[in-house]
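Residue numbers run from 1 in the order of the sequence given.
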Amino acid sequence: MGFNCGIVGLPNVGKSTLFNAMTQANAPAANYPFCTIDHHNGIVAVPDRRLDDIASKFGPLSVIPTTVEFVDIAGLVEGASKGEGLGNKFLGHIRATDAIAHVVRCFDDPSIVHTYGAADPVNDIEIITTELVLADLDSVTKRFDKIASAAKIGNAEAKKEFPSLEKIKIHVETGKPVRSLELDKADHELCHTLGLITSKPLFYVLNANESDIKTPSDKIKKVLDYAKKDNAPAVIVAASIESELATLSPEDRKAFLDDLGLEEPGLHRVIRTGYALLNLITYFTAGKKEVRAWTIHNGDTAPQAAGKIHSDFERGFIRAETYHYDDLMKYGNEQAVKAAGRLRSEGADYLVQDGDIMNFRFNV
């Protein structure tokens with residue numbers, strides 16, 4: 001599994017439509033709030049042209065991409081932190097995700113109702129942000145009251161936790177998300193323990209008109225400026241385009257994209273943005289039987305990468321025979337890579353690089 005990403009936003013912004021396009025799981029999508037009455041999970045392949053390039057050199061029996069799990073979460077509304085709409089139930093689903101894709105309605109369609117009458121993307125973002133901050137404030141306040149009392153009577157664990165708790169509480173009381181606060185290791189651990197939603201990495205998905213994809217409107221530019229100030233990545237997609245692309249064969253999909261002047265579906269950018277946000281990288285294993293992509297965190301060692309395949313690989317790690325995708329493309333095949341001296345033997349302290357092609361030696 002690459003990562004788990006929750007799709008959030010107001011009702012009727014296109015969350016389920018985008019989810020369906022990504023997963024082709026046919027989650028309900030309709031023109032009324034709370035159509036999504038339960039969260040839906042879908043697994044999608046991570047698009048990576050390198051995987052096909054490597055496969056072309058090996059001619060394997062199977063080619064296996066790494067994957068991403070997306071979770072379609074019911075639309076949140078003002079008051080969700082206090083149980084309005086379906087928010088109370090689904091705040092728990094958001095807490096279980098690694099990252100958040102906040103879908104923002106930037107398209108014009110009078111036939112699709114807006115929860116608050118008229119679409120104002122920045123205001124819509126702030127409604128959701130406020131509800132998530134309030135949910136975190138509730139969690140922090142409950143914990144604070146308990147820990148403050150314990151710290152006063154000399155409880156060592158409580159005294160250790162109190163500085164982080166107080167720091168975070170003061171920040172969220174200002175209405176700001178936790179991710180905008182500089183956090184140290186202890187702070188991060190507390191955020192994880194409490195399941196603080198606004199501490200999670202977040203990016204914006206701007207569901208726009210088709211015309212905005214190539215030439216963003218002033219409305220889109222305003223949202224992009226907001227995202228920049230929030231230090232959050234933003235991706236522009238048109239759910240109408242993505243829905244149609246999802247139904248086409250690879251050949252027809254390419255022709256459709258060519259007609260639109262696009263190189264790839266917008267959802268590919270969504271996945272890669274999430275990847276970068278979580279500091280994830282991909283390495284590959286390759287042979288005649290199988291070529292496969294694996295997701296790890298940037299900074300993982302060779303044994304940790306081996307452990308993604310099987311725990312025995314990590315436990316009995318001896319070495320990793322490694323070369324890079326770029327070398328394979330340059331020299332044409334693995335034997336030529338070896339002949340050029342580009343195949344390396346790496347030990348347990350080697351930090352795996354994005355695009356490495358690896359073969360692990362182990363003994364258990």
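- Counting non-hydrogen atoms of neighbouring residues, nucleotides and ligands closer than 6.0 angstrom, the CZ atom of Arg342 reaches no more than 12 such neighbours.
- Using a cut-off of 4.0 Å between Lys/Arg side-chain N and Asp/Glu carboxylate O, Arg361 and Glu321 are scored as salt-bridged.
- At a cut-off of 3.5 Å, with distance as the only test, no side-chain donor of Asp98 or Asn4 sits close to an acceptor on the other residue.
- Aromatic ring orientation, Tyr283 versus Trp294: parallel (interplanar angle below 30°, classes split at 30° and 60°).
- Proximity of His297 to Leu280: side-chain heavy atoms (C-beta onward) are separated by under 4.5 Å at one or more points.
- In this structure, a donor-acceptor pair under 3.5 Å is absent between the side chains of Thr322 and Asp356.
- Within the 4.5 Å cutoff, no side-chain heavy atoms of Pro65 are placed close to those of Val46.
- Side-chain N or O atoms of Lys57 include none that pairs as donor or acceptor with a backbone N or O of Met329 at under 3.5 Å.
- Scanning both residues, Ala21 and Ala246, for their nearest heavy atoms gives O-CB, 3.6 Å.
- The backbone N or O of Ala158 lies less than 3.5 Å from no partner atom in the side chain of Glu161, so there is not a single donor-acceptor pair.
- Put simply, the side chain of Asp327 does not reach to within 4.5 Å of the side chain of Leu343, judged on heavy atoms.
- Taking the charged nitrogens against the carboxylate oxygens, Glu314 and Lys308 have no contact shorter than 4.0 Å, which rules out a salt bridge.
- Listed for the His324 side chain is a donor-acceptor partner under 3.5 Å among the backbone atoms of Asp354.
- Hydrophobic clustering (ILVMFWY, side-chain heavy atoms < 4.5 Å, transitive): Val237 and Leu245 are in one cluster.
- If you check the side chains of Tyr204 and Asp230, you find a donor sitting under 3.5 Å from an acceptor.
- In this structure, CG on Asp120 lies 8.5 Å from CD on Glu126, to the nearest 0.5 angstrom.
- Closest approach of Ala55 and Pro60 over heavy atoms only: O-CD, 3.3 Å.
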Exercise for review: Determine, step by step, whether Glu264 and Arg272 satisfy the salt bridge (charged side-chain N to carboxylate O under 4.0 Å, His left out) criterion, reporting the C-alpha distance in whole Å, the side-chain angles of both residues, the deciding distance to 0.1 Å, and the verdict.
Suggested key: CA-CA 12 Å; Glu264 63 178 353; Arg272 284 201 297 272; 2.2 Å; yes
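- Ile318 and Val364 fall into different hydrophobic clusters, where Ile, Leu, Val, Met, Phe, Trp and Tyr are joined by side-chain heavy atoms under 4.5 Å apart, directly or via other members.
- Between the side chain of Thr215 and the backbone N or O of Ser211 there is no donor-acceptor pair closer than 3.5 Å.
- The main-chain N or O of Gly307 is never found under 3.5 Å from a side-chain atom of Ser311 such that the two would form a donor-acceptor pair.
- Atom CG of residue Asp326 and atom NZ of residue Lys330 lie 9.5 Å apart, to the nearest 0.5 angstrom.
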Practice item. Take Lys176 and Val133, measure what side-chain contact (heavy atoms from CB on, under 4.5 Å) needs, and give me the verdict at the end. Key: CA-CA 7 Å; Lys176 297 177 182 178; Val133 169; over 6 Å; no
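- Side-chain contact check for Cys106 versus Asn207: every heavy-atom pair is 4.5 Å or farther apart.
- The six-membered or imidazole ring of Phe313 lies near that of Phe362, with a centre-to-centre distance under 6.0 Å.
- Checked by atom type and distance alone, the side chain of Arg253 pairs as donor or acceptor with a backbone atom of Leu248 at under 3.5 Å.
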Exercise for review: Evaluate the side-chain contact (heavy atoms from CB on, under 4.5 Å) criterion for residues Ile271 and Val44: first the C-alpha distance (whole Å), next the side-chain angles of each, then the deciding distance (0.1 Å), finally the verdict.
Suggested key: CA-CA 9 Å; Ile271 294 170; Val44 301; 4.0 Å; yes
Review point. Step by step, would you call Asp187 with Lys167 a salt bridge (charged side-chain N to carboxylate O under 4.0 Å, His left out)?
Key: CA-CA 9 Å; Asp187 300 335; Lys167 172 183 175 180; 2.7 Å; yes
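- By the 4.5 Å heavy-atom criterion applied to side chains, Val352 and Asp300 are not counted as neighbours.
- Note that CD1 of Ile127 is 5.5 Å distant from CG of Leu10, once rounded to the nearest 0.5 Å.
- For the 3.5 Å distance criterion, the side chains of Tyr350 and Arg344 qualify, holding a donor opposite an acceptor.
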Check your understanding: side-chain contact (heavy atoms from CB on, under 4.5 Å) between Ile147 and Lys159: does it pass, once the steps are laid out?
Key -> CA-CA 8 Å; Ile147 293 300; Lys159 289 172 72 175; over 6 Å; no
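- Two different hydrophobic clusters hold Ile309 and Val63 under the rule that ILVMFWY side chains link at heavy-atom gaps under 4.5 Å.
- Annotation for Ala99 and Leu278: closest pair CB-CD1, 4.0 Å, computed over non-hydrogen atoms.
- When hydrophobic clusters are built by joining Ile, Leu, Val, Met, Phe, Trp and Tyr residues whose side-chain heavy atoms come closer than 4.5 Å, directly or via intermediates, Phe284 is not grouped with Leu351.
- For the atom pair OG of Ser199 and CZ of Arg95, the computed distance is 10.5 Å after rounding to the nearest 0.5 Å.
- Looking at Phe144 and Glu166, their side chains come closer than 4.5 Å, going by heavy atoms from C-beta outward.
- Hydrophobic clustering (ILVMFWY, side-chain heavy atoms < 4.5 Å, transitive): Leu194 and Ile170 are in distinct clusters.
- Residues Ser240 and Glu210 have side chains that bring a donor and an acceptor to within less than 3.5 angstrom of each other.
- Side chains of His171 and Ser180: a donor-acceptor N/O pair is present below 3.5 angstrom, by distance only.
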Check your understanding: After noting the C-alpha distance and the side-chain angles of Val178 and Cys191, does the key distance pass the side-chain contact (heavy atoms from CB on, under 4.5 Å) rule?
Key -> CA-CA 9 Å; Val178 178; Cys191 289; 3.7 Å; yes
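- Scanning both residues, Ala336 and Tyr331, for their nearest heavy atoms gives CB-O, 3.3 Å.
- Val104 is not listed as a side-chain neighbour of Val205, based on a closest heavy-atom distance of 4.5 Å or more.
- The minimum heavy-atom distance linking Glu242 with Pro265 is given by the pair OE1-CB, 3.5 Å.
- Heavy atoms only, all atoms of each residue included: Asp136 and Gly195 are closest at OD1-O, 4.4 Å.
- The shortest side-chain heavy-atom distance between Ile168 and Leu181 falls under the 4.5 Å cut-off.
- Once rounded to the nearest 0.5 Å, the distance linking NZ of Lys254 with CG of Asp252 reads 12.0 Å.
- To the nearest 0.5 angstrom, Asn209 atom CG is 7.0 Å from Ile220 atom CD1.
- Between Lys222 and Asp225, none of the side-chain N atoms (NZ, or NE/NH1/NH2) sits under 4.0 Å from a carboxylate O, so this pair counts as no salt bridge.
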